[in-house]
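Notes follow the structure.
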Amino acid sequence: MTRTTSQSTPAPQESENSDKLLSLDPRTGEVVGRYPVHGAEEVTDAVRRAREAGQWWAGLGFAGRKQRLDAWRRRLVRRLPELANLISTETGKPIDDARLELVLVVDHLHWAAHHAERVLRRRRVSPGLLMYNHAATLEYQPLGVVGVIGPWNYPAFTPMGSIAYALAAGNAVVFKPSEYTPGVGTWLADTFAEVVPEHPVFRVVTGYGETGAALCRSGVDKLAFTGSTATGKRVMAACAETLTPVLVECGGKDALIVDADADLEAAADAAVWGGMANAGQTCVGVERVYVVDAVADRFLDLVAQRARRLRAGGQDGADLGPITMPSQVDVIRGHIQAALDAGARAVVGGLDSVRAPYVEPVVLTDVPEDCAAVRDETFGPTITVNRVRDVAEALRLANGTRYGLAAAVFSRSRGEELARRLRAGMVSVNSVISFAAVPALPFGGVGDSGFGRIHGEDGLREFARPQAVTRRRFGALLEPMSFSRGTHTVRQLLRLVRLRYGR
Ligand code: NDP
């Protein structure tokens, strides 16, 4: 089936270079959709129209927006099989993985719509002792138009972490999906337009990196980027030209720590799933494991047993789909090769596991810490498992990365204590990636993994600007902020401050 653009994207005939972007099924190479390559003018025009639409959307208020977002959510649930198929077609991932992704999308959309008013509405705050004669209020107002640039690995879940929360906060959105998944982005905007037909509140522009770069320079009020660290830096530089604020969600090199008292079966299961689900193409996936020496042999056995059972392929029932982005296959091969050359041992698979577009599971152990397989994002179904003396060494190595996205700890007695010592935006104890499924928790990293947060209350506030208002209710005994203040006013005020704060 061939898909084309529709009402929520600028019309193809408006495009300078329409129908240039072909969406392919990475399992077969078959063309599954054609989309316009939108140029800078079309992107700017989409943002201009979204700005007008955004005023209407903001004017609906929390209740009006919630009603529309709920209608969209119900539509997504009803047509979930259709979107799951499209995700599976454009990324090659197994259909159940696509379904799971959409379960999370729906839960987040529900949370954002239902909590926006509580988090963002106007509220009174205490004016404090010195300003007792004023009323103080705080309100989080919409920014206007939020530009969203998304990756291909979770083409619905990842951008919706920005889109759903930005819409709930009262903004219009212009979304540039990855060139590998333009159909998913277009589908999302089209179904939104079905429930909000009045104005183009949520629009999609399609194309390559240049289209994303044009969105950065289009005058959006904030740019929410999810993708690689290298592109994140380019996005930030482009946004700096116009002082456009950015939210940057980038890659990771997430570690899983296995303590001596861990449930080893559960830890092995989590390491394999966290490292290899979605063929390892998960920003918060497990890439490195540090296991305490006392339990390392048993743990490695359990990991190997589980990893050996997994099958990569395009057929029904395959556990792992293809590597969606063809150029990543060379990166994965390079990481395995360099690790083996440096003396690492392959417990499962090896170089032969790389059969583009598929990669079978690879488990490497005794990998020198300076290898790319330990330092850089591999983004394939490979994990390194290195033994450590104790958890102190595990923490030191886990934290010894320029990334800081997520991490996991398996320990029966001190999981939460260890979690707090990890330099990561998110940590799961005795599971992996669980934080992503809790809408109330903020999602994001530190260091090369970026900054800013999607999801939760922080995720709503990320797409709003706080406005502080004070209202003078009555005259005060001391009025220091006036040229007509008495000669002793400031001295009296100082006496009051000494009494209140000086002891
Ligand atoms: P990329 O950085 O290659 O691309 C991300 C998006 O940026 C794509 O839409 C891309 O468009 C666009 N883009 C490319 N060049 C520019 C530019 N100069 N200006 C503006 N936009 C541009 O990442 P991938 O799509 O390969 O995604 C994988 C990466 O995303 C991994 O590093 C992964 O860890 C990270 N990621 C992070 C997540 C997080 O929440 N922290 C979640 C999911 C993934 P096009 O595709 O058309 O080139």
Side-chain angles (χ1 to χ4, degrees), residues 20-24 26 35-38 40 43 90-91 101 104 108 147-162 174-182 184-185 204-218 220 223-241 244 246-254 278-287 323-329 331-332 376-380 402-406 424-426 433 435-436 442-455 459 462:
K20 284 271 181 66
L21 174 57
L22 301 183
S23 171
L24 308 178
Y35 298 86
V37 176
H38 290 123
V43 172
E90 286 197 317
T91 63
E101 178 174 348
L104 298 185
H108 277 281
V148 177
I149 297 178
W152 46 265
N153 59 340
Y154 290 89
F157 172 71
T158 293
M160 281 292 281
S162 295
V174 177
F175 172 38
K176 150 68 179 75
S178 163
E179 69 193 66
Y180 296 101
T181 52
V184 175
V204 161
V205 290
T206 50
Y208 300 93
E210 295 73 34
T211 307
L215 187 56
C216 296
R217 298 191 169 93
S218 64
V220 288
L223 196 292
F225 168 81
T226 309
S228 63
T229 305
T231 311
K233 289 177 184 175
R234 284 198 284 277
V235 162
M236 229 180 131
C239 287
E241 291 169 16
T244 300
V246 287
L247 162 82
V248 186
E249 298 279 356
C250 299
K253 192 69 189 172
D254 295 358
N278 202 26
Q281 303 164 113
T282 303
C283 56
V284 287
V286 175
E287 296 235 343
I323 301 305
T324 307
M325 189 169 66
S327 61
Q328 195 64 24
V329 174
V331 175
I332 298 167
D376 301 333
E377 197 178 38
T378 307
F379 233 49
R402 60 183 196 280
Y403 293 110
L405 192 54
M426 302 155 283
I433 319 181
F435 45 79
F443 185 106
V446 299
D448 269 12
S449 296
F451 52 84
R453 293 293 182 267
I454 55 172
H455 300 175
E462 192 75 45

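Remember, it's 1-based here, ligands and their atoms both numbered in the order they're listed. Worth knowing before you read on, the calculation uses all heavy atoms, side chains too, and leaves out hydrogens, waters and symmetry mates. None of these values were measured; they are calculated from a predicted model.
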Quick one: nearest non-hydrogen protein atom to [atom], plus distance?
atom                    : answer
atom 26 (O) of ligand 1 : W152 NE1, 2.8 Å
atom 3 (O) of ligand 1  : T231 OG1, 3.9 Å
atom 17 (C) of ligand 1 : G209 O, 3.6 Å
atom 18 (N) of ligand 1 : R234 NE, 4.0 Å
atom 46 (O) of ligand 1 : E179 N, 3.1 Å

Out of [options], who is nearest to [atom] when you count heavy atoms only?
atom                    : options                : value
atom 34 (O) of ligand 1 : K253, M325, E377       : E377
atom 35 (C) of ligand 1 : G227, P159, A238, G425 : G227
atom 37 (C) of ligand 1 : C216, C283, G147       : C283

Y154 touching ligand 1 at heavy-atom level, < 4.0 angstrom
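Y154: no contact with ligand 1 (<4.0 Å).
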Of V246, V43, I149, T244, which meets side-chain contact (heavy atoms from CB on, under 4.5 Å) against C216?
I149
Begin from the C-alpha positions of Y154 and T282 and carry the test side-chain hydrogen bond (donor to acceptor under 3.5 Å, both in side chains) through to its verdict.
CA-CA 8 Å; Y154 290 89; T282 303; 2.6 Å; yes
Polar contacts were defined as any N/O atom of the residue lying under 3.5 Å from an N/O atom of the ligand; does this apply to [X] and ligand 1?
X    : answer
K176 : yes
S228 : yes
T229 : no
S449 : no
G150 : yes

Using a 4.0 Å heavy-atom cut-off, which part of I149 comes near ligand 1: side chain, backbone, both, or neither?
side chain
Could you tell me whether L405 approaches ligand 1 through its side chain, its backbone, both or neither, with non-hydrogen atoms closer than 4.0 Å?
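Side chain only; the backbone of L405 stays clear of ligand 1.
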Going by distance alone, is a donor N or O of one side chain under 3.5 Å from an acceptor N or O of the other, for T181 and E90?
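No, no side-chain donor-acceptor pair sits under 3.5 Å.
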Could you tell me whether the side chains of K253 and T378 share a donor-acceptor contact shorter than 3.5 Å?
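On atom types as modelled, these side chains qualify, holding a pair under 3.5 Å.
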